[in-house]
Novice: 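Handing you this structure, nothing more for now.
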Amino acid sequence: MAALAEAATRITRGECVAVPTETVYGLAADAGNADAVAGIYAAKGRPSFNPLIVHVANLAAAERLAMFDDDARMLATLFWPGPLTLVLPLRDGAPITSLVTAGLTTVAIRVPRHRAMQGLIAAAGRPLAAPSANASNGISPTRASHVAASLGSRVPLILDDGATEAGLESTIIAGRTVLRPGPITAADLPFATTPYIKESAITAPGQLATHYAPRKPLRLDAAAARPGEWLIGFGAISGDDTLSAAGDLREAAARLFDALHRADASDRTGIAVAPVPRDGLGEAINDRLGRAAHR
Ligand code: AMP
Ligand code: MG
């Protein structure tokens, strides 16, 4: 199919492509390419960086990215390919950019059943990161026309394979906890589920780590480093590390989580970050920096 080949070529070039899955239409990009994944956020206009689901061809491919225990392997065997996403510990050296996991040490993985998404993963020959293909706060698209109406010219190619089957995002499971209900219900699972504790109800931060944050104090809008601080620069302010010397927000997004990890791992006691403009992807970058600063 010519459209699939073109889509795969665009993926390997670092572009995003909209593709149907059995849940909703996804906006896919190379999960190993930080700049390509930044392009997903740019196209969606997402005001914050949520970790994205990585789509792979089969269980063997998933096991190259994450560590499976017996429960996870049982779920994969029962429900893959299908609308079930597993949150698992990220394998050391897995070729996934930190922007996909939003800096976490876990990764959300799924083996989709839809022929278009399966075909695209095979043709591109790599794991694909894909959230729903709609503008931020929009409704999840179940038809190619929904994607076009929501994202329009911000997506270079939409693979149209009709309406999606489930029309509902995948069920997400971490351990024996359902993080997001979906097409596979608790009653379908081979074990009793444990209740999901909402993050807002947790008093000690980090108990439910759905967001990575550095352990060190982080100061925003810094023009220069104070004694003991590691400076993350932007634009004209260059630091120990610089998100983008050119002031490019997409480049900054692509480097953000690696930069935070490097700052945390440094020998300094604090982290300072230069001002980052709030337009476009800058909104999501500032959202993450703000959360990292106030915890
Ligand atoms: P979407 O890609 O738009 O379907 O959304 C993905 C969902 O998966 C979001 O609700 C994320 O918070 C969740 N998710 C992805 N990765 C993780 C992870 N490592 N830990 C917990 N939740 C995750
Ligand atoms: Mg969505």
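Note that the coordinates shown come from a computational prediction; the quantities given were computed from them, not determined experimentally.
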Novice: When you measure from the side chain of Thr9 to the backbone N and O of Ala5, does any donor-acceptor pair fall under 3.5 Å?
Specialist: yes
Novice: Give the intermediate values and the outcome of side chain to side chain contact (heavy atoms under 4.5 Å, CB included) for residues Leu59 and Phe68.
Specialist: CA-CA 10 Å; Leu59 177 58; Phe68 281 66; 3.5 Å; yes
Novice: Hey, could you give me the CZ/CZ distance between Phe234 and Arg255, rounded to the nearest 0.5 Å?
Specialist: 11.0 Å
Novice: Looking at Ser266 and Arg268, would you say the former's side chain and the latter's main chain have a donor-acceptor pair under 3.5 Å?
Specialist: yes
Novice: If you define the side chain from C-beta out and look only at heavy atoms, does anything of Val37 sit under 4.5 Å from Leu52?
Specialist: yes
Novice: Let me check something: do Leu231 and Phe257 share a hydrophobic cluster, defined by ILVMFWY side-chain heavy atoms less than 4.5 Å apart, either directly or through other members?
Specialist: no
Novice: Mark yes or no for whether Thr193, through its side chain, and Val178, through its backbone, hold a donor-acceptor pair below 3.5 Å.
Specialist: no
Novice: Within a strict 4.5 Å, meaning less than it, do heavy atoms of the Ile53 and Ile109 side chains meet?
Specialist: no
Novice: With side chains defined as the heavy atoms from C-beta onward, is the minimum distance between Glu169 and Ser140 less than 4.5 Å?
Specialist: yes
Novice: What pairs meet the salt bridge (charged side-chain N to carboxylate O under 4.0 Å, His left out) rule with one or both residues in residues 78-105, with sequence neighbours excluded?
Specialist: none
Novice: Checking the side chain of His55 only, and the main-chain atoms of Pro127 only, is there a donor and an acceptor separated by less than 3.5 Å?
Specialist: no
Novice: Are any non-hydrogen side-chain atoms of Val276 and Asp221 less than 4.5 angstrom apart?
Specialist: no
Novice: Are Arg176 and Phe191 in a cation-pi setup, meaning NZ or CZ lies under 6.0 angstrom from the ring centre and within 45 degrees of the ring axis?
Specialist: yes
Novice: Tell me, yes or no, whether the heavy-atom count around Arg262 atom CZ, taken from other residues, nucleotides or ligands under 6.0 Å, exceeds 12.
Specialist: yes
Novice: What distance separates Arg278 CZ from Leu249 CG, expressed to the nearest 0.5 Å?
Specialist: 11.5 Å
Novice: Using only atom types and a distance under 3.5 Å, with no angle test, would you say the side chain of Arg154 pairs donor to acceptor with the backbone of Ala43?
Specialist: yes
Novice: Judged by modelled atom types alone, do Thr194 and Thr177 share a side-chain donor-acceptor pair under 3.5 Å?
Specialist: yes
Novice: Working to the nearest 0.5 angstrom, can you tell me the gap between Ile173 CD1 and Leu189 CG?
Specialist: 4.0 Å
Novice: Side chain of Glu229, backbone of Arg226: donor and acceptor closer than 3.5 Å?
Specialist: yes
Novice: Minimum heavy-atom separation for Ala34 and Thr97, please, with both atom names.
Specialist: CB-OG1, 3.2 Å
Novice: Nearest heavy-atom pair of Ala102 and Asn50: which atoms, and what distance?
Specialist: CB-C, 4.4 Å
Novice: Can you find a pair of side-chain heavy atoms, one from Arg288 and one from Leu256, that are under 4.5 Å apart?
Specialist: yes
Novice: So Val56 and Leu65, do their side chains get closer than 4.5 Å, heavy atoms only?
Specialist: yes
Novice: Kindly work out whether a path of hydrophobic side-chain contacts (I/L/V/M/F/W/Y, heavy atoms less than 4.5 Å apart) joins Leu27 to Phe49.
Specialist: yes
Novice: Does Lys44 use its side chain to pair, donor to acceptor, with the backbone of Ala133 at less than 3.5 Å?
Specialist: no
Novice: First locate atom CG of Leu75, then atom OG1 of Thr85, and finally report the distance between them rounded to the nearest 0.5 Å.
Specialist: 11.5 Å
Novice: Between Ile237 and Val273, is there a shared hydrophobic cluster once you connect ILVMFWY residues whose side-chain heavy atoms come closer than 4.5 Å?
Specialist: no
Novice: Does a sphere of radius 6.0 Å around CZ in Arg219 hold more than 12 heavy atoms from other residues, nucleotides or ligands, not counting ones at 6.0 Å or beyond?
Specialist: yes
Novice: Is it true that Leu168 and Leu179 fall in one hydrophobic cluster, defined by side-chain heavy atoms closer than 4.5 Å?
Specialist: no
Novice: Please confirm whether the backbone N or O of Val147 pairs with a side-chain atom of Ser150, one donor and one acceptor, at under 3.5 Å?
Specialist: no
Novice: Under 6.0 Å from the CG atom of Leu78, do we count more than 12 heavy atoms belonging to anything else shown?
Specialist: yes
Novice: Between Arg73 and Asp70, is any pair of side-chain heavy atoms under 4.5 Å apart?
Specialist: yes
Novice: For side chain to side chain contact (heavy atoms under 4.5 Å, CB included), just list the numbers for Met74 and Asp71, CA-CA rounded to whole Å, side-chain angles, deciding distance to a tenth of an Å, and then say yes or no.
Specialist: CA-CA 5 Å; Met74 174 170 64; Asp71 272 0; 3.9 Å; yes
Novice: As a test of understanding, state which of Pro83, Pro181, Pro183 forms a side chain to side chain contact (heavy atoms under 4.5 Å, CB included) with Thr171.
Specialist: Pro183
Novice: Are His146 and Asn134 close enough, and set up right, to give a side chain to side chain contact (heavy atoms under 4.5 Å, CB included), and what steps lead you there?
Specialist: CA-CA 8 Å; His146 298 164; Asn134 53 275; over 6 Å; no
Novice: If I compare all heavy atoms of Leu281 with all of Ala38, which pair ends up nearest, and what's the gap?
Specialist: CD1-O, 3.8 Å
Novice: When you group the ILVMFWY residues by side-chain heavy-atom contacts below 4.5 Å and let the links chain together, are Val24 and Val155 in the same group?
Specialist: no
Novice: Any idea which heavy atoms bring Pro131 and Arg46 closest together, and the distance?
Specialist: CB-NH2, 3.8 Å
Novice: Locate the shortest heavy-atom distance separating Ile285 from Ala252; write the atom from each residue and the value.
Specialist: CD1-CB, 3.9 Å
Novice: Cut-off 3.5 Å, side chains only: do Arg180 and Ser170 have a donor facing an acceptor?
Specialist: yes
Novice: To the nearest 0.5 Å, what is the distance between OH (Tyr25) and OG1 (Thr23)?
Specialist: 11.5 Å
Novice: Got a donor-acceptor contact below 3.5 angstrom from the Gln118 side chain to the Pro112 backbone?
Specialist: yes
Novice: Rounded to the nearest 0.5 Å, what separation is found between the CG atom of Asp241 and the NE2 atom of His261?
Specialist: 12.5 Å
Novice: Would you name the heavy atoms of Ile232 and Ala259 that are closest together and state the gap between them?
Specialist: CD1-O, 3.9 Å
Novice: For residues Leu243 and Glu251, determine if any side-chain heavy atom of one lies less than 4.5 Å from a side-chain heavy atom of the other.
Specialist: no
Novice: Between Arg110 and Thr21, is there a side-chain donor-acceptor contact under 3.5 Å, judged purely by atom types and distance?
Specialist: yes
Novice: Which is it for Leu220 and Leu289 under the side chain to side chain contact (heavy atoms under 4.5 Å, CB included) test, yes or no, and what are the steps along the way?
Specialist: CA-CA 7 Å; Leu220 300 174; Leu289 289 173; 3.7 Å; yes
Novice: Verify, without hydrogens or angle tests, whether Arg13 (side chain) and Ile11 (backbone) share a donor-acceptor contact under 3.5 angstrom.
Specialist: no
